[in-house]
> 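To start, I am sharing the structure in question, which I have written as structure tokens.
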Amino acid sequence: MKICKIYDIEGRVQGVGFRPFVYTLALGHNLKGVVFNQASGVHIEVEGEAESFCAFERELRESIPPLARVDGVEIIQVALRNFEDFKIIKSQSQNLKSTLIVPDMSLCEDCAREMEDKNDRRFGYPLINCTNCGPRYSIMESVPYDRENTSMRAFQMCPECEREYKDPLNRRYHAQPISCPRCGPAVRFYDVSEGSSTRDLPLQKLSHAITAGRITALKGMGGFHIICDALNESAILRLREQKRRPAKPFAVLFGSLEMIKRYCDTTKEEESALLSAARPIVLVSKKKECTLPDIIAPNINTLGVFLPYTPLHTQLLELTQRPLIATSANISGEPIITSKEQLGKLGGVIEAFVDFERDIVNFSDDSVVQFADKRAIVLRLSRGLTPKSFKTFYGCDKKILALGAHQKSTIAIFNGSNIIISPHIGDLDSVESVEAYKRTIASFIRFYDFAPHLLVCDAHPNYASSLWAKKQNIPTLNVQHHYAHILAVMFEQGIDEEVLGVSWDGTGLGDDNSIWGGEFFLCDMKAYKRVHTFAPFKLLGGDKSVKNINRTAFSILYPHRERKEVAAFLDSFKEKRLLEQSYEKDINALLCHSVGRLFDAAAAIILQMKTTTYEGESGMMIEALYDESINESYEIKINDKGEIEYSHWFLAMLGERANVAATKFINTLALVLLQIAKKYDKKVVLSGGVFQNKTLLKKLLKSHDIEFVTARDISPNDSSISLGQIVYALNHI
């Protein structure tokens, strides 16, 4: 018996080869009908013998294209339409502004094989791609995702590429970046010192420059990498000096997983992430006998490693046959550079580079992940993972724009059915970063024809994001920073009950105008109550204490200045008198509860660190000292206000070996959290940048009598704030 069914598919199903997948599937099961894109996804009408539908529907669920994601399927049976064949037809709606944008994806195995095949017409082509891989978000100017709405519109397809583009059975059917050596963008090598450029063997010339010890750059998917030889210590040192980056670890690009395993110990979970289509940087443990120069990641025992994700990177690694430093081409804290004209901003660091003519419309940095007890921790949510979307079922017809935080900024939108998070933008501390932030907002408004009815921003009135909101003449909601952290994880993990939310990070304005960052909330989706925090200390000099971390140690120890060991520590400060006045007279001395700043104080005492050169440095240094054979901890004291007291921890550190003090500090933080969690007997939701510390998180996860909930596909750091802000708005309007 013949029947006819209609399928409406929602999710990431446009620009990923979903229609040709349905076309092939229908032909294979002798079904007839049509498939086309519509505003909410893909629409299928298909008819044939009833017994064919079970297999068709099973494969429709289980065998979708690699880049596709199905969020929902609505199926209805209708009267026979008497189709004569199966066709892919043009969209029945011109409004495709709710289409989910696909992230950029790494080179697929099929394209990699073609690139290596001397008989293939794309042999050696460094911009090869297909429906299953290559640029998406980075080249989009608007939707729908058609070639004329991308930076590929300047390149006319040759007849052979056009035949592939129009063939539903071809892997490149409607692959918008499709090109070949005959019709694609040119790749060019530039020698900065000679002032010359050439299209002749550009990657070979770049390889020669790298092996000669020069500092180079290569245009990637979402921006430029600065690249040099990871085995050449003098080149790395020169890069550090010229980029003014004395200690922050560099990521290392390897040609294969086998090459990574020569230098690092990897777990199955880490290897799976390294080989995934997103190709993130993964933080792994260095082997004790690792022969890479220590200057790559000084004073820590981890290394950020990744595998090539574009054909350009793949070919370069094949030519150099060695690990390469591959770090974002940017000024610290600013977005990644996307054009050769911007490379001059780096002040002469780059000596040679390779560029190609396809413009990067939307920048995105490399994503970064690590693992704690097999659980993924996203440290930077960007290329390959974003734009990230969540299907929602809130009955809200308002369009909402969330403006995120000040550091690790992202934005998010709610368009009536999905929450969509932007890639990592950066810290909004410079004019360039704020301009990039505004461009990202403009891009998302353009993509989704999006006119927000409501803005949501952080409660801090002086964040660049909050200041932007004030200028828009649009109704605005303010959300407490740490509550937004918890809401983001609750939403992602589908929790709709009261939880103990624990939000530990470096900074965030509290309801009492002090700096929070060591918070315990009893909260649900509607409200929160602060039930515990860390006793406040004075942040001497305000934001200056964030860099000058010994000021935090000074503040914590100053009340105990009558003790000899404390007096000796305080006497080491050149600015002692100034800090005493700040403390005694409350001059520029905000009260602070931040666990992130406590890590700073610990590093100042244990390691005699005075300043940090990059965010999170003190935490990484303390973590590197951790000794699993030490089970000791400091005494836990909680006062009548519910505040955790800790000055006795730091007094004890003054007389302890570094590894003992660092280990006891982390052990005690874990025990504090466990003790309070047992008091409330609820799910414990963890968020905030401190929970990027894998050693601390692993200790907590070993406690099997408490259910700890962490972010899985978003980050615990401030990049998740925009998601939490959207969730807050949806529960309060």
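All values below were derived from every heavy atom in this structure, side-chain atoms included, with hydrogens, water molecules and symmetry-related copies excluded.
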> Distance from S367 atom OG to K388 atom NZ, nearest 0.5 Å?
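Rounded to the nearest 0.5 Å, the OG-NZ separation comes out at 10.0 Å.
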> Please assess R383 against D366 for the test salt bridge (charged side-chain N to carboxylate O under 4.0 Å, His left out), listing each intermediate value before the final yes or no.
CA-CA 5 Å; R383 178 194 49 78; D366 295 317; 3.0 Å; yes
> Work out which heavy atom in D365 is nearest to a heavy atom in S382; give both atom names and the distance.
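Closest approach of D365 to S382, heavy atoms only: O-OG, 2.9 Å.
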> Parallel, tilted or perpendicular, judged at 30° and 60°: which one describes the rings of H481 and H485?
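Rings of H481 and H485: perpendicular, over 60°.
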> Can you tell me how far CE of M105 sits from CZ of R136, rounded to the nearest 0.5 angstrom?
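Rounded to the nearest 0.5 Å, the CZ-CE separation comes out at 9.0 Å.
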> Can you tell whether the side chains of D427 and K408 come within less than 4.0 Å, N to carboxylate O?
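Between K408 and D427 there is no salt bridge, as every charged N stays at least 4.0 Å from the carboxylate O atoms.
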> Looking at K391 and E10, is there a salt bridge between them, counting it only when a charged N and a carboxylate O are closer than 4.0 Å?
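Yes, E10 and K391 are salt-bridged.
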> A quick test of your reading: do over 12 heavy atoms of other residues, nucleotides or ligands sit less than 6.0 Å from NZ of K470?
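Yes, NZ of K470 has more than 12 neighbouring heavy atoms, counting only those of other groups under 6.0 Å.
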> Is atom CG of D265 surrounded by more than 12 heavy atoms (other residues, nucleotides or ligands) closer than 6.0 Å?
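Counting neighbours around CG of D265, more than 12 heavy atoms of other residues, nucleotides or ligands fall under 6.0 Å, so yes.
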> Flag yes if more than 12 heavy atoms outside N639 fall under 6.0 Å of its CG atom; otherwise flag no.
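Counting neighbours around CG of N639, more than 12 heavy atoms of other residues, nucleotides or ligands fall under 6.0 Å, so yes.
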> Between D718 and Q407, which heavy-atom pair has the shortest distance, and what is it?
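Heavy-atom minimum between the residues: CB-O, 3.3 Å.
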> Does a sphere of radius 6.0 Å around CD in E628 hold more than 12 heavy atoms from other residues, nucleotides or ligands, not counting ones at 6.0 Å or beyond?
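No, because the 6.0 Å sphere around CD of E628 holds 12 heavy atoms or fewer from other groups.
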> Can you tell me if CD on E74 sees more than 12 non-hydrogen neighbours from other groups inside 6.0 Å?
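Result for CD/E74: open.
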> If you draw a 6.0 Å radius around CG in N462, do more than 12 non-hydrogen atoms from other residues or ligands fall strictly inside?
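Enclosed: over 12 neighbouring heavy atoms sit under 6.0 Å from CG of N462.
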> For the rings on Y463 and W468, is their centre-to-centre separation under 6.0 Å?
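Between W468 and Y463, which both carry aromatic rings, the centre distance is not below 6.0 Å.
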> Taking ring pair (Phe, Tyr, Trp, His ring centres under 6.0 Å) as the test, write out the residues that go with Y483, two or more places apart.
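Once residues adjacent in sequence are excluded, the partners of Y483 under the ring pair (Phe, Tyr, Trp, His ring centres under 6.0 Å) criterion are Y528.
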> Looking at D373 and K698, is there a salt bridge between them, counting it only when a charged N and a carboxylate O are closer than 4.0 Å?
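Salt bridge flag = no for D373 with K698.
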> Below 3.5 Å, can you tabulate the donor-acceptor pairs from side chains in residues 673-686 to any protein atom, sequence neighbours excluded?
{"unit_1": "K679", "atom_1": "NZ", "unit_2": "H532", "atom_2": "NE2", "d": "3.2"}
{"unit_1": "Y680", "atom_1": "OH", "unit_2": "H532", "atom_2": "NE2", "d": "3.4"}
{"unit_1": "K682", "atom_1": "NZ", "unit_2": "E498", "atom_2": "OE1", "d": "3.1"}

> How about Y634 and F665: are their ring centroids closer than 6.0 Å?
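No; F665 has its ring centre 6.0 Å or more from that of Y634.
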> Quick check on side-chain hydrogen bond (donor to acceptor under 3.5 Å, both in side chains): which of N667, N693, N301, T663 does Y626 satisfy it with?
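When side-chain hydrogen bond (donor to acceptor under 3.5 Å, both in side chains) is applied between Y626 and each of N667, N693, N301, T663, only N667 qualifies.
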> Would you say that more than 12 heavy atoms from the other residues, nucleotides or ligands in this model lie under 6.0 Å from the NZ of K398, or not?
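Open: at most 12 neighbouring heavy atoms sit under 6.0 Å from NZ of K398.
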> Quick check: closest heavy atoms across Q725 and G404, and the distance to 0.1 Å?
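Answer, listing the atom of Q725 first, then G404: OE1-N, 2.8 Å.
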> Just to verify, what does S285 make a side chain to side chain donor-acceptor pair (under 3.5 Å) with, not counting sequence neighbours?
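S285 satisfies side chain to side chain donor-acceptor pair (under 3.5 Å) with no residue once adjacent residues are dropped.
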> Would a 4.5 Å heavy-atom cut-off, applied to side chains only, mark L403 and D458 as touching?
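No; the side chains remain at least 4.5 Å from each other.
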> Please answer whether the main-chain N or O of I411 pairs with a side-chain N or O of S422 as donor and acceptor at a distance below 3.5 Å.
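Judged by distance alone, yes, a pair lies under 3.5 Å.
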> Determine yes or no for a side-chain-to-main-chain donor-acceptor pair under 3.5 angstrom, with E645 supplying the side chain and A535 the backbone.
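Here the side-chain-to-backbone pair does not exist.
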> May I ask you to decide whether E492 forms a salt bridge with R712, counting only side-chain N to carboxylate O separations under 4.0 Å?
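Salt bridge flag = no for R712 with E492.
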> What heavy-atom pair brings F306 and P280 nearest, and what distance separates the two atoms?
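Looking at all heavy atoms of both residues, the closest pair is CB-O, 3.4 Å.
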> With distance as the sole test, does D524 use its side chain to make a donor-acceptor pair with the main-chain N or O of K526 at under 3.5 Å?
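Here the side-chain-to-backbone pair exists.
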> Using a 6.0 Å distance limit plus a 45 degree cone around the ring axis, check whether K374 lies over the aromatic ring of F371.
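No, K374 does not lie over the aromatic ring of F371.
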> Can you label the angle between the Y646 ring and the F534 ring as parallel, tilted or perpendicular, going by 30° and 60°?
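Geometry flag for F534 against Y646: tilted rings.
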> Just do the salt bridge (charged side-chain N to carboxylate O under 4.0 Å, His left out) check on E656 and K664 with the steps written out, would you?
CA-CA 10 Å; E656 292 177 314; K664 288 172 70 174; 2.6 Å; yes
> Taking Q493 for its side chain and I495 for its backbone only, find out whether a donor-acceptor pair lies under 3.5 Å.
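No.
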